[in-house]
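This report refers to the structure that appears directly beneath it.
Predicted model, so just to flag it, every value in this text is computed and none were measured. Note that ligands are numbered from 1 as they come in the structure, with each ligand's atoms numbered from 1 the same way.
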Amino acid sequence: MQLQVALDVLDLPSALTLADQVSEHVDILELGTPLVKSAGIGAVSAIKAAHPDKLVFADLKTADAGELEAGLAFEAGADLVTVMGAVDDDTIRGAVAAGRKYGKQVVADMISVVDGRVARIREVAKLGVSFVEIHAGLDEQARPGYSIDQLLEDGRLAGVPFSIAGGVKVDTIGSVREAGAKVAVAGGAIYNAPDPGAAAAELKKRATR
Ligand SMILES: O=C(CO)[C@H](O)[C@H](O)COP(=O)(O)O
């Protein structure tokens, strides 16, 4: 299973510093949505230039104009982008068309799709995305009683390639791997750690056990 670090910081210098600290232990460097919004699409190019050996993931969370927005990120050097799994099928189709044009990957972020999530995952997979990200966002995670377990169960049931995002930590990444995830996404567990490099190394060790 691959490990993806979510660089959920708000400026490019901080993102470059964090990427330097963790890159040797991760497979994918994600520019978090707040980073892309605050630093601009040029941050994708900067991260890719600094780490050309790593896959760069632009978490656009595109909700409209899928081909246009995905194309912007691919032109900037992204290897993967997100389109929202909850939006119009034509928006997803457009992002997929851009992926085909650039030879890059499109990931459907299933954030906020809770009821009927397995069925929608299967629908979106048929639209041509490379995989789906079964995802509980920061606001959902903050609610009392949140558990990653339902994400894992839906991944097991859906039967399509998936990643998991939503508070992946040292004590849950083994379950993420056992559920059959292609990628585990970790943000806070890495960037909030006293030593992000050591935190990423420990997660990677458990991701590939
Ligand atoms: O896309 C995101 C929030 O919308 C985060 O990048 C994602 O949830 C991973 O971060 P964490 O491990 O802290 O949940």
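- With sequence neighbours excluded, the residues that form a ring-ring contact (aromatic ring centres under 6.0 Å, His included) with Phe74 are Tyr102.
- Thr33 and Lys61 share a donor-acceptor pair across their side chains, judged by distance under 3.5 Å alone.
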Quiz item: Do Val170 and Leu203 pass the side chain to side chain contact (heavy atoms under 4.5 Å, CB included) test, and can you show the C-alpha distance, the side-chain angles, and the key distance before you say yes or no?
Solution: CA-CA 6 Å; Val170 165; Leu203 286 167; 4.1 Å; yes
Practice problem: Evaluate the criterion side chain to side chain contact (heavy atoms under 4.5 Å, CB included) for residue pair Ile47 and Leu16; output intermediate values, then yes/no. | Solution: CA-CA 7 Å; Ile47 294 287; Leu16 288 165; 3.7 Å; yes
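- Electrostatic pairing of Lys205 and Glu202 counts as a salt bridge here, judged by a charged N lying under 4.0 Å from a carboxylate O.
- Near ligand 1, heavy-atom contacts under 4.0 Å come from Ala6, Asp8, Glu30, Asp59, Lys61, His135, Leu138, Gln141, Gly166, Gly167, Ala186, Gly187, Gly188.
- Side chains of Asp11 and Ser14: a donor on one and an acceptor on the other come within 3.5 Å.
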